[in-house]
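Indexing begins at 1, ligand by ligand and atom by atom, following the structure's order.
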Amino acid sequence: MAHSKDLLVLENFIGGKFVPCSSYIDSYNPSTGDVYCRVPDSGKEEVEAAVRAAQDAFPVWSSRSPLERSQILNKLADLIEHDLEAFATAESKDQGKTITFARTVDIPRAVYNFRFFASSILHHVTECTEMATMGCVHYTSRAPVGVAGLISPWNLPLYLLTWKIAPAIACGNTVVAKPSEMTSVTAWMMCKLLEKAGVPHGVVNVVFGTGAKAGEALVCHPDVPLISFTGSTLTAQRITEKSAPHCKKLSLELGGKNPAIIFNDADLSQCIPTTLKSSFANQGEICLCTSRIFVQRGIYSEFLKRFVAEAKKWKAGNPSDPTVSVGALISKEHLEKVRSYVKRAQAEGARVLCGEGVDSLDLPPGNKKGYFMLPTVIAEVKDESCCMQEEIFGPVTCVVAFDTEEEVIKRANSVKYGLAATVWSSNVGCVHRVARRLQSGLVWTNCWLIRDLNLPFGGMKASGIGREGAKDSYEFFTEVKTITIKH
Ligand code: NAD
């Protein structure tokens, strides 16, 4: 393993101060395979200090008006936006994604998360009913919960972390956040801006480290009544078990095995480029990525031919090269795992039409040890195959044929997940019928990944519990009380 002389060394951010840790974890640049950063390997002690700092900050922060909190969130958004290029470069180096993706998706969305919740917190109203015959008025009052524990994954690091921090602090909570140990740098960079934005010490604390040590210490801490988690279904099961003795409030945003359903009357000129993006954007490392493409028999051959021809045009390589659309996968282990799915599909008799094992990677010298893989399309896969059932979370998508609407709904629903789906048809009746019957928290018809943050986001079945969005996050990050006044 190559160690650079100029290792970046991160520190925890507790009570408004950067605090060194007694031990550290190596963090790799996925596009070169080199260790370039050391991340605190925090445990119970560091989590304890962060929870105390968050508790101390809670009385003052929770009593600030929504407008005051909103102004601070807006200021933080401005500061991140001012440093957008530095954040995008860091996110790309840390995660492997292309700088173009970080510059156009990750960091703008992190900025928007703060702006969005800065605005939405000003517009909530609580409920009120009158019971005239009893001489009563009932109303609800909402208050922040306390210290929120926020745990985020490595695929969209700052984007998903700020999707939790922004609503949590907008509602008046204080937080202890734990980003993924594999992608901690942009969270650390954000901490450097908090004071300038006017975020009081202790309102946002960030503890870096592994899930098993730092994450679990946070989940098990008795003074953290709420956990918002985004990550894998397996980890969510563990978090649910560990938090059960404390009856914590949980929001769980988990994995997916998302179908795209493409009917004979779909507009392929829109559908093909969008389905390429939905399959391979961010190296297929988005929970919302398509990984099962059901194409109606009448257009199956044409779709497959055009889709594969376009997939072959996606170039993998140095993430800072603007002509590259496929960056590196997060880690060597993850790359091996994703590749193993392709091998298993081949062993089961499926056909790999492009990418892994078919086309050769042409990497620049500096990226030869990086964790790259080409967009891979697999056809003739059985529905019960692991490639059609399990989340692969890489640039691999399966294409299969179907005949009828009834059949495809059944097949699309026949997985344990239920996060996102796309439906392609020019028949409005068909898209409504199918969208209603899909077991999926989100359904995009004739598009993908267009989000209005006002509306609920989250999954069904093994894809999650709870929803996040303007109203949903407000409800999650506050406790409601019903008060009755009798005159
Ligand atoms: P992961 O579950 O391995 O880790 C997520 C986070 O949980 C990390 O910060 C990790 O350190 C922490 N963690 C791990 N074990 C823990 C434990 N025992 N206690 C507390 N924390 C623990 O997931 P990942 O590999 O980082 O991310 C990929 C997964 O995230 C995929 O399944 C993907 O679909 C999912 N994801 C879901 C959404 C969504 O919104 N539904 C969004 C992005 C990613």
Return the residue, atom name and 0.1 Å-rounded distance of the protein heavy atom closest to [atom].
atom	answer
atom 23 (O) of ligand 1	S232 N, 3.4 Å
atom 28 (C) of ligand 1	F393 CE2, 3.6 Å
atom 27 (O) of ligand 1	P153 CB, 3.3 Å
atom 15 (N) of ligand 1	T235 CG2, 3.3 Å
atom 35 (C) of ligand 1	G231 O, 3.2 Å

Below 4.0 angstrom from a heavy atom of [X], which ligand 1 atoms are there? Numbered from 1 as shown, please.
X	value
L419	41 (N)
L160	42 (C), 43 (C)
C287	34 (O), 36 (N), 37 (C), 38 (C), 39 (C), 40 (O), 41 (N), 42 (C), 43 (C), 44 (C)
N155	43 (C), 44 (C)
W154	24 (P), 25 (O), 26 (O), 27 (O)
F457	40 (O)
I151	6 (C), 7 (O), 9 (O), 12 (C), 20 (C), 21 (N)
R238	18 (N)

- request: Show the numbers, then the answer: is there a side chain to side chain contact (heavy atoms under 4.5 Å, CB included) between M388 and V400?
  value: CA-CA 10 Å; M388 287 286 279; V400 293; 3.9 Å; yes
- prompt: Can the ring centroids of Y112 and W163 be said to lie less than 6.0 angstrom from one another?
  reply: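 Ring centroids of Y112 and W163 are no less than 6.0 Å from each other.
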Distance from [X] atom [atom1] to [Y] atom [atom2], nearest 0.5 Å?
X	Y	atom1	atom2	result
I169	L194	CD1	CG	7.5 Å
L161	T186	CG	OG1	7.5 Å
E45	S22	CD	OG	6.5 Å

task: Scan for salt bridge (Lys or Arg N to Asp or Glu O under 4.0 Å) pairs involving residues 174-183, sequence neighbours excluded, and state none if there are none.
output: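 Checked against salt bridge (Lys or Arg N to Asp or Glu O under 4.0 Å) - neighbours excluded - the pairs reaching residues 174-183 are K178-E181.
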task: Not counting sequence neighbours, list each pair that qualifies as a salt bridge (Lys or Arg N to Asp or Glu O under 4.0 Å) and has a residue in residues 109-120.
output: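 Listed once each, the pairs are D78-R115, E81-R115.
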task: For ligand 1, note which part of A236 has a heavy atom under 4.0 Å away: side chain, backbone, both or neither.
output: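 Within the 4.0 Å criterion, A236 makes no contact with ligand 1.
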message: Test of understanding: given a 4.0 Å heavy-atom threshold, classify the contact between E181 and ligand 1 as side chain, backbone, both, or neither.
response: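 Near ligand 1, E181 shows its side chain, while the N, CA, C and O stay back.
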Counting only heavy atoms not in [X], do more than 12 sit closer than 6.0 Å to its [atom1] atom?
X	atom1	value
E195	CD	no
I465	CD1	no
K249	NZ	yes
H124	NE2	yes

query: Under 4.0 angstrom from ligand 1, any heavy atom of G459?
result: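 G459 does not count as a contact of ligand 1 under the 4.0 Å cut-off.
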- prompt: Can you tell me if P179 has a non-hydrogen atom under 4.0 Å from ligand 1?
  reply: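 It does; at least one heavy atom falls under 4.0 Å.
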Of the listed options [options], closest to [atom] (non-hydrogen atoms):
atom	options	value
atom 37 (C) of ligand 1	I239, L252, L254, V219	L254
atom 9 (O) of ligand 1	S152, G211, G215	S152
atom 34 (O) of ligand 1	E391, E216, K213	E391

query: Would one find an N or O of T230, backbone or side chain, under 3.5 Å from an N or O of ligand 1?
result: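 Between T230 and ligand 1 (N or O atoms, distance only) the closest approach is not under 3.5 Å.
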Short N-O contact, K257 and E390, less than 4.0 angstrom: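 No, K257 and E390 are not salt-bridged.
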- request: Find out whether the Lys NZ or Arg CZ of R411 is both under 6.0 angstrom from the six-membered ring centre of F402 and within 45° of the ring's axis.
  value: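 No, R411 and F402 do not form such a contact.
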